[in-house]
Amino acid sequence: MSGVILITGASRGIGAAAARIAAREGYAVCLNAARSLADARKVADEIVRGGGKAIAVQADVSRRDEVDSLFATVDRELGTLDALINNAAIVGPERKLTEVDADLLRRIFTTNVDSVFFCTAAATRRMSTRHGGKGGAIVNISSAAARMGGVVGWAAYAASKGAVDAFVMNAAKDLGPQGIRICGLRPGMTRTEMLAEIGGDARIQAGISTVSLGRAAEPEEIAEAAVFLASPKASYIHGTTIDVTGGR
Ligand code: NAD
């Protein structure tokens with residue numbers, strides 16, 4: 001076994017792909033899901049049938065109490081946490097800048113940013129060498145939108161991912177001396193249900209001329225990079241966010 005990894009928002013898309021890849025690499029995997037526990041269970045069952053170890057745990061990671069019980073379940077059922085991938089996020093509905101209201105902002109930021117704070121803190125309490133832990137690695141899934149601004153109509157999403165990138169740089173200074181490596185990954189256009197929510201193939205066509213490789217990513221291509229960054233193979237990648245965008 002390579003250790004224990006927790007992946008948030010792993011019922012589908014990049015998170016589910018990362019869970020399968022991490023299991024293949026020998027990790028015991030906790031797949032977190034907010035509402036779609038049945039889908040996360042299907043992936044976990046598939047891993048177990050293939051000889052791996054996996055559990056699916058329901059928790060809304062934008063809520064600190066649910067994050068605390070998610071991590072307690074990992075402690076109890078899988079043991080000491082080695083790696084965390086903060087993957088869960090929402091893109092939200094299309095909204096003109098003049099029509100973004102407080103409710104929408106709160107929903108996007110609690111899901112995409114508060115969750116990263118809560119999960120990173122819970123992981124730190126377990127991994128920090130200052131608290132008797134053995135260190136670990138944290139990967140935050142950001143977005144090319146943080147660097148390029150994203151699509152008009154989704155400003156709150158782009159801004160939330162900018163916050164995630166800044167968080168990585170700050171947390172790295174704090175966590176490096178505690179034996180915890182933290183970095184980020186900015187996916188480009190990736191064929192998942194999230195991309196479908198903002199227009200799918202039409203959105204890909206609209207943006208494809210800016211992608212040097214001339215195509216969108218499959219979720220597995222992003223997930224491979226995320227699992228690599230969470231692993232000891234990435235032992236000197238810290239405090240930075242890496243683009244996986246096909247060249248944008
Ligand atoms: P997706 O919508 O398919 O998956 C996101 C997952 O997060 C879902 O399983 C969802 O249920 C879960 N989730 C949402 N809110 C949650 C909460 N409060 N608690 C727990 N789980 C929650 O999206 P995806 O494309 O697989 O996205 C994965 C990550 O990649 C996200 O951080 C996203 O912002 C990022 N990303 C995606 C793209 C893309 O083109 N697909 C591009 C850039 C960045």
Side-chain angles (χ1 to χ4, degrees), residues 6-21 30-44 56-67 69-71 84-93 106-119 139-151 154 156-165 167-168 184-201 203-204 206-208 210-211 215-223 225-226 229 241-246 248:
L6 166 59
I7 303 169
T8 67
S11 64
R12 66 185 197 186
I14 293 166
R20 291 189 178 97
I21 291 164
C30 174
L31 298 93
N32 155 251
R35 278 167 296 277
S36 345
L37 187 64
D39 291 337
R41 272 215 182 106
K42 271 188 211 150
V43 182
V57 180
Q58 187 149 21
D60 174 347
V61 288
S62 70
R63 295 184 44 138
R64 184 167 169 177
D65 55 341
E66 297 197 19
V67 167
S69 78
L70 166 66
F71 277 75
L84 163 68
I85 301 181
N86 282 316
N87 169 75
I90 53 170
V91 69
R106 196 163 49 243
R107 206 152 54 79
I108 301 273
F109 274 78
T110 54
T111 307
N112 298 2
V113 184
D114 293 19
S115 64
V116 169
F117 274 82
F118 296 150
C119 291
V139 179
N140 291 335
I141 306 300
S142 172
S143 169
R147 184 172 56 78
M148 301 173 63
V151 181
W154 281 275
Y157 174 78
S160 73
K161 292 299 188 175
V164 170
D165 285 7
F167 176 81
V168 166
L185 185 166
R186 289 186 210 99
M189 288 188 290
T190 309
R191 289 188 180 280
T192 66
E193 288 174 59
M194 179 180 280
L195 186 67
E197 283 169 28
I198 66 162
D201 285 338
R203 180 63 54 207
I204 293 172
I208 207 68
T210 65
V211 183
R215 62 176 179 81
E218 296 302 325
E220 291 73 20
E221 295 179 283
I222 307 299
L229 288 174
T241 296
I242 290 175
D243 291 308
V244 185
T245 58
R248 278 182 106 182

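Side chains included, hydrogens not; waters and symmetry mates left out as well; all remaining heavy atoms used. Both ligands and their constituent atoms are indexed starting at 1 by order of listing.
- Salt bridge absent: D165 and R147 never bring a charged side-chain N and a carboxylate O closer than 4.0 Å.
- At least one donor-acceptor pair under 3.5 Å links the side chain of N87 to the backbone N or O of G9.
- A donor-acceptor pair is defined here as one N or O able to donate and one able to accept, closer than 3.5 Å; no such pair exists between the side chain of S69 and the backbone of V67.
- Closest to atom 16 (C) of ligand 1 among all protein heavy atoms lies A34 CB, 3.8 Å.
- Here the shortest heavy-atom distance to atom 29 (C) of ligand 1, taken over V116, V67, L70, N87, belongs to N87.
- Close approach of ligand 1 to V61 is summarised as follows: ligand atoms under 4.0 Å from at least one heavy atom of the residue are 17 (C), 18 (N), 19 (N), 20 (C).
- Remark: side-chain polar atoms of T110 are paired, donor with acceptor, to backbone N or O of R107 under 3.5 angstrom.
- Among all non-hydrogen protein atoms, the one lying nearest atom 22 (C) of ligand 1 is A88 CB, 3.5 Å.
- The distance from ligand 1 to the heavy atoms of S142 drops below 4.0 Å at these ligand atoms: 35 (C), 36 (N), 44 (C).
- By the 4.5 Å heavy-atom criterion applied to side chains, V113 and F167 are not counted as neighbours.
- K161 contributes a side-chain N or O that, together with a main-chain N or O of I141, makes up a donor-acceptor pair within less than 3.5 Å.
- If you look at T111 next to ligand 1, the close heavy atoms, those under 4.0 Å, all belong to the side chain.
- When non-hydrogen atoms are compared, ligand 1 lies under 4.0 Å from neither the backbone nor the side chain of A16.
- Within the 4.0 Å heavy-atom criterion, the part of K161 lying near ligand 1 is the side chain and not the backbone.
- At the top of the distance list for atom 38 (C) of ligand 1, counting protein heavy atoms only, stands G188 O, 3.9 Å.
- Here the shortest heavy-atom pairing between P187 and L185 reads CD-O, 3.2 Å.
- Among all non-hydrogen protein atoms, the one lying nearest atom 30 (O) of ligand 1 is I141 CG2, 3.3 Å.
- Looking at S115 against ligand 1, nothing comes within 4.0 Å, counting heavy atoms.
- Of all the atoms in ligand 1, the ones that sit under 4.0 Å from a non-hydrogen atom of A59 are 19 (N), 20 (C).
- Distances below 4.0 Å separate heavy atoms of A89 from the following atoms of ligand 1: 5 (C), 7 (O), 14 (C), 31 (C), 32 (O), 34 (O).
- Using modelled atom types, one side-chain atom of T8 and one backbone atom of A88 make a donor-acceptor pair closer than 3.5 Å.
- Checked by atom type, the side-chain pair T210/R248 shows a donor-acceptor distance below 3.5 Å.
- In terms of protein heavy-atom proximity, atom 9 (O) of ligand 1 is nearest to S11 OG, 2.8 Å.
- If you check which protein heavy atom lies closest to atom 12 (C) of ligand 1, you get G9 CA, 3.6 Å.
- Contact annotation: for N32 versus ligand 1, heavy atoms closer than 4.0 Å belong to the side chain alone.
- For the side chain to side chain contact (heavy atoms under 4.5 Å, CB included) criterion with C119, the lone passing option out of I85, L84, D114 is L84.
- Below 4.0 Å from some heavy atom of S143 lie the following atoms of ligand 1, by number and element: 43 (C), 44 (C).
- No donor-acceptor pair under 3.5 Å is formed between the side chain of Q58 and the backbone N or O of A33.
- T192 places a side-chain N or O within donor-acceptor distance of the main-chain N or O of M194, the cut-off being under 3.5 Å.
- At a 3.5 angstrom cut-off on N or O pairs, T190 counts as close to ligand 1.
- The Y157 neighbourhood of ligand 1 comprises atoms 33 (C), 34 (O), 35 (C), 36 (N), 43 (C), 44 (C), with distances under 4.0 Å to a heavy atom of that residue.
- Among M194, R12, R107, R35, the residue whose heavy atom lies closest to atom 4 (O) of ligand 1 is R12.
- For T192, every heavy-atom contact with ligand 1 shorter than 4.0 Å involves the side chain, none the backbone.
- Here the shortest heavy-atom pairing between D201 and R191 reads OD1-NH1, 3.0 Å.
- Checking only distances, I14 does come within under 3.5 Å of ligand 1, N or O to N or O.
- The closest donor-acceptor contact from the side chain of N112 to the backbone of I90 lies under 3.5 Å.
- Residue, atom and distance of the protein heavy atom nearest to atom 18 (N) of ligand 1 are D60 OD1, 2.8 Å.
- Annotation for ligand 1: atoms under 4.0 Å from non-hydrogen atoms of M189 are 40 (O).
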